[in-house]
2 protein chains.
Amino acid sequence: MKRDHVLATAERLFYEEGFFGTGVDRVIAEAGVARMTLYKHFKSKDNLVLAVLDRRADAYWAQLEQAVSQARENGHSACRALVAAHGDWLLGEGRHGCLFLKALGEYAAQEPAVTQRVVAEKKRLCDRMEVLLTEEGHAHAPALAVQLMLLLEGATALVPVMEAKGVVTQLRAAASQLLEVRSG
Amino acid sequence: MKRDHVLATAERLFYEEGFFGTGVDRVIAEAGVARMTLYKHFKSKDNLVLAVLDRRADAYWAQLEQAVSQARENGHSACRALVAAHGDWLLGEGRHGCLFLKALGEYAAQEPAVTQRVVAEKKRLCDRMEVLLTEEGHAHAPALAVQLMLLLEGATALVPVMEAKGVVTQLRAAASQLLEVRSG
DNA sequence: GGTAAAGTAGATAGATCGTTCTATCCATGA
DNA sequence: TCATGGATAGAACGATCTATCTACTTTACC
């Protein structure tokens, strides 16, 4: 299907050059499809943007949940696995920061659907973290989940402007420290 | 001067609605000045963007350094004061995240001067933190500075999508924990 | 082999973008 | 009083934007 090819191309361009900075002409040129092909699958650019966010979230969560499953099979901490998987994601696909926050920054004042989608995405991650923390017997799981979110989002934000490997290293170190103190 | 009024208006609009999302027409309309007044003070929109970043940095650093000075006068930890001041900044002026990273997201692929400016800004904060940590006798100051940066940037990134007061509360709590462990 | 769907190229519309230009207004100080 | 210079409104430029339309070609399937 051309649909996913357009989607993949749009995701890459939006991520590298911004949403407003990437015109529809650019997307179809790089995807090598006709303009009407794009508008057949997505009724507007806003619609395409939302579809791109969904695609990105799917890939991210697939990587995260696989790491969590694997940790469970090996009897390792799922929380640590999640943090580590986020770090891996950043090194592999996160060079330009968080696509969701990027979308929020450009569309917040103009497209409520984007705001809603981004808020839901971050809540999902925070909730997931909280569940894992609770399962592993941490006290104050909600507060600790927010603290770990700070580290994850901080790393995502800094990867574009600092040395990526160093950022991820310190992400793991700091998360370890926050997890140590309160765990049994 | 009209210059600063244009600058203040542009800063607000760029921050709330994005750089590409805010046209020059919008800036001059909200500032209540003529088009040529803007172009007399700023030779292009890109130029205006860079000036807005400088203005924003000035306000941010004034607030931060004042807190550091005050902490020193009272014999308190300057590191903690810096973290706390960043939290205060977020609650007051940080509703929509980091203006610099927002600019990076929109202009990175297109205007190298913006990238350079943003990288320098983040480096400045990290270096400042490292100096304060060293002064207060923390071991591994460079690594710890990055870890605290993760928390600061994470809080900045999350304020737009989560409850702001909770985010800042956990920022302080997590920073306390990272600072406790290694301090004498 | 024929039919229906999917994709193609390209023109087009209408809006908005950043930027420049002109012509007019109004304040200040000599 | 008059000149100078900054600010004004608004027209205009070419470029670019999203979106639509038409007409033609390819693909896939019964």
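Below, chains carry the letters A, B, ... as their sequence lines are ordered, and counting in each starts from 1. Fair warning: this is a prediction, and the values are worked out from it, not measured in the lab.
A residue-by-residue look at Lys2(B) and Lys45(A) shows that Lys2(B) has its nearest nucleotide of DNA chain D further toward the 5' end. Across the interface with DNA chain D, nearest-nucleotide mapping of Val33(B) and Val24(A) shows Val33(B) to be the residue nearer the 5′ end. Residues Met1(A) and Asp46(B) each lie close to DNA chain C; by heavy-atom proximity, the contact nearer the 5' end of the strand is made by Met1(A).
Ion pair Lys122(B)/Glu153(B) flagged as a salt bridge, since at least one NZ, NE, NH1 or NH2 atom sits closer than 4.0 Å to an Asp/Glu carboxylate oxygen. With salt bridges taken as basic N to acidic carboxylate O contacts below 4.0 Å, one links Arg172(A) and Asp88(A). Ion pairing of Glu111(B) with Arg117(B) is absent here, as no side-chain N (NZ or NE/NH1/NH2) approaches a carboxylate O to less than 4.0 Å. Ion pairing between a basic and an acidic side chain is recognised when a charged N comes within 4.0 Å of a carboxylate O; Arg12(A) and Glu17(A) show no such pairing.
Rounded to a whole Å, the CG atom of Asp25(A) is 16 Å from the P atom of dT12(C). For Glu17(B) and dC17(C), the CD to P distance is 11 Å, given to the nearest whole Å. Look at CZ on Arg3(B): it is 16 Å from C1' on dG6(D), rounded to the nearest Å. Whole-Å rounding puts the Lys43(A) NZ to dT18(D) P distance at 17 Å. Arg26(A) places its CZ atom 12 Å from the P atom of dT18(D), with the value rounded to the nearest Å. Here the P atom of nucleotide dG18(C) and the CD atom of Glu106(B) are 12 Å apart, to the nearest Å.
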Determine, step by step, whether Tyr60(A) and Leu125(A) satisfy the side-chain contact (heavy atoms from CB on, under 4.5 Å) criterion, reporting the C-alpha distance in whole Å, the side-chain angles of both residues, the deciding distance to 0.1 Å, and the verdict. CA-CA 11 Å; Tyr60(A) 174 75; Leu125(A) 181 56; 3.7 Å; yes
Go through it in stages, so that I can follow the logic: the residues are Arg128(A) and Val131(A), the test is side-chain contact (heavy atoms from CB on, under 4.5 Å), and I'd like the CA-CA distance, side-chain angles, deciding distance and then a yes or no. CA-CA 5 Å; Arg128(A) 189 78 182 97; Val131(A) 166; 4.0 Å; yes
Under the salt bridge (Lys or Arg N to Asp or Glu O under 4.0 Å) criterion, do Glu130(B) and Lys123(B) qualify, and how do the steps go? CA-CA 10 Å; Glu130(B) 188 178 327; Lys123(B) 178 164 164 41; over 6 Å; no
Let me have a per-nucleotide readout for nucleotides 25-30 of chain D, 5' to 3', with B, S or -, counting only protein heavy atoms under 4.0 Å. ------
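Under the 6.0 Å distance and 45° angle rule, Lys102(A) counts as a cation-pi partner of Tyr15(A).
Within the 4.0 angstrom heavy-atom criterion, no nucleotide atom of any strand lies near Gly21(A).
Separation of the Phe19(A) and Phe20(B) ring centroids does not fall under the 6.0 Å cut-off.
For DNA chain C, the neighbouring residues in residues 34-42 of chain A, judged by any heavy atom under 4.0 Å, are Ala34(A), Arg35(A), Met36(A), Thr37(A), His41(A).
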